[in-house]
Amino acid sequence: MRFSFKECCFKPVADEPDIEIEGSLVHKDSEEGQILCAEKEVGRKSKTLFSCITTATQTTINPPREVACQTESQPLLVNYSATANQWEIYDFYQEELQKRTSSTKKDEKENEIAEGAEGVHGNLSLLRDFTDKSDHDLAMLSTAAKLLEYAVNENINGDIIADFKHFEDEADEFRGDKGTLLPLWEFQYNKVKSLPVSALCWNKKYNDLFAVGLGSHKFTELECGMLLFYTWRNNNHPEFLFNTDSGVMCVDIHEQKSHLVAVGLFNGNVCVYNLMAKGDQPIYNSMASSGKHSGTVWQVKWWEDDLYGNHTFFSVSADGRVVSWTLGKYELFSTNIIKLPPMDKVPDDLNNVIVTAGLTLDFHKQKPYHFLVGTEAGKIHKGSTHYTRFIKTYEAHFRMVSCVRWNPFNPKVFITCGMDWRVNIWDETTDSPVFTFDLKSSVMDVAWAPYSSTVFAAVTADGKVHVFDLSINRFEALCQQRVVSTKRHLTCIEFNPVHPIIIVGNDRGLVISLKLSPNLRKNPKEEKGKEPSTGAEVEIAKMEKLLILMR
Amino acid sequence: MKEYCAATRTHGGRSTPDLSDMAEVEDTLKRIQAQHGVIGTIVVNGEGIPIRTTLDNSTSVQYAGLLHQLTMKARSAVRDIDPQNELTFLRIRSKKHEIMVAPDKEYLLIAIQNPSE
């Protein structure tokens, strides 16, 4: 029967059977059924589809076996920690580089020692060879100890340093043109209270270092002398100290090679010290040279190097000669440049016996072959290294000339000072001074300021410092200040090349540094609308104006 | 200010130590101790142990240990920023004192000062 969807009912279907199932029954009367019945009776097995025999096979089974492996026990664990900083990497590379470059050198012994050391700073292992380990290691601390001393001093002198850097005296506005000097550091080495300061010199390269020469030119006082180097970072103790067997009369530091210092002594010797070398002894001493001076050396000045590159300096002394010294390989070579002409009062036949002492010497700033020599007769001689006679002579002072200096800017102007209480300013073309100042006491030293062509300062034997600025006041000093007590003389003065401070030395070994107040450092007022100008040309022009005025 | 000091300046250049240098360092340390306001000075070795001091033992050990670590840290910081640079000096200013540390290759020099006097 089938369901017909059309009529929605079951309908009988004639041909096909309804269910078909396969089965295993066979009809009794069919052919196959009759065969099976017959077999059953006989009881014989016959091949049919339905009788089967199962056969099975089995492989040999191996007994299971365990296989395992184990590593050796771990080595002792050590905790390691390190930081990989930029500098560690850099240091490592530097060491590698050093190892490679030093392996090409011949000293292999040192290398072996260095390689055995640990850490970055391996070369200190050399010190382990010394028995007295702790003391030797301390010697490496000299730099650190110096730094510490500077820092401690900086704390103690904190207010002085602040003054030096920042203090500008505001009262100057109310003082008109006058200025003052502010005392800053004082330098006194305890062991030399009785030696006068005979020379001061700033170091051009390191602006806080200056040289002090101590020595006396009086026979009654001590014969010894000292050369000290101070810096204002440490005003208690000098940086360098040299003992000399005779009083130091003059000091000059080489401009470019600032470790070379020329010193002139009371006994006529000149020495050259090298600050970089260890030890107390000068590297050159004129004691062994022929041609050494027979009188006190009053001034030494470095000059240019000669044709072969050897350093040269000039000295002028009480024996009346100007000598140039060249630094040879092992000794000094001297060359007589010129002999000072005799004084008027000396009769002709005694010219070689009674000599005129030369007291001061200065080289021209722009033309280094020109120089000026001041003598004890009060004369200034202008000479040149090219000629054997003096070009010109000026009657400068009635008594000894204590200092002569060329103007740092204007090539024609120089200043002289003498024991006749006068300071004179000269134009080299004229025979009489352009300016004259009477300072009421022997003038011991005078110096031009490095920042202006019209400013100069002088020190006198009554302990006063006089500062002048010719472009502001042509007749009197802007500042006349007593710096030391009345009983002491002032002997030297120097301007610092960079900072507005001066150092003055007195006759008891004391050096005082003073700061110049703003009035002393003024540039002259410019016209309205113009910018204030500086520079060498302006300075030269300033001086020229003054010279023209005075003519 | 510090650019002048012996490390860069040719004047004070010393390559090998010797007895005169040792005397110089001793002298310098004595002078520092004698300066106005200085409370004490300590020399510390590379492991942070004070080898020479003018203060009592416990204070020295404390200062040495603490400042040693601080200096290492400071040095590391300076060199990290620029490996070619080096720490030259360290100052710690507090209300009561100022502690100044000058490090060397292996050693430290410490000074304690009362700056306001």
**Message:** Out of the candidates Phe210(A), Phe164(A), Tyr150(A), Phe187(A), only one should pair with Trp232(A) under the ring-ring contact (aromatic ring centres under 6.0 Å, His included) rule; please name it.
**Reply:** Phe164(A)
**Message:** Within the supplied structure, the quantity of interest is the number of heavy atoms (other residues, nucleotides, ligands) at a distance under 6.0 Å from Tyr93(A) OH; does it exceed 12?
**Reply:** no
**Complete:** Heaviest contributor of heavy-atom pairs below 4.5 Å to chain B, chosen from His237(A), Glu88(A), Gln94(A), is His237(A)
**Prompt:** Are Asp163(A) and Lys515(A) close enough, and set up right, to give a salt bridge (Lys or Arg N to Asp or Glu O under 4.0 Å), and what steps lead you there?
**Reply:** CA-CA 9 Å; Asp163(A) 276 348; Lys515(A) 184 167 181 181; over 6 Å; no
**Message:** Counting only non-hydrogen atoms closer than 4.5 Å, does Asn236(A) touch chain B with its backbone (N, CA, C, O), its side chain (CB onward), both, or neither?
**Reply:** side chain
**Request:** Side chain from CB out, backbone as N, CA, C, O: work out which of these in Ser76(B) comes under 4.5 Å of a heavy atom of chain A, or both, or neither.
**Result:** both
**Message:** Let's test your reading of the structure: which of Val38(B), Leu108(B), Val101(B), Asp80(B) forms the most heavy-atom pairs below 4.5 Å with chain A?
**Reply:** Asp80(B)
**Prompt:** Are Glu26(B) and Arg31(B) close enough for a salt bridge, meaning some N to O gap below 4.0 Å?
**Reply:** no
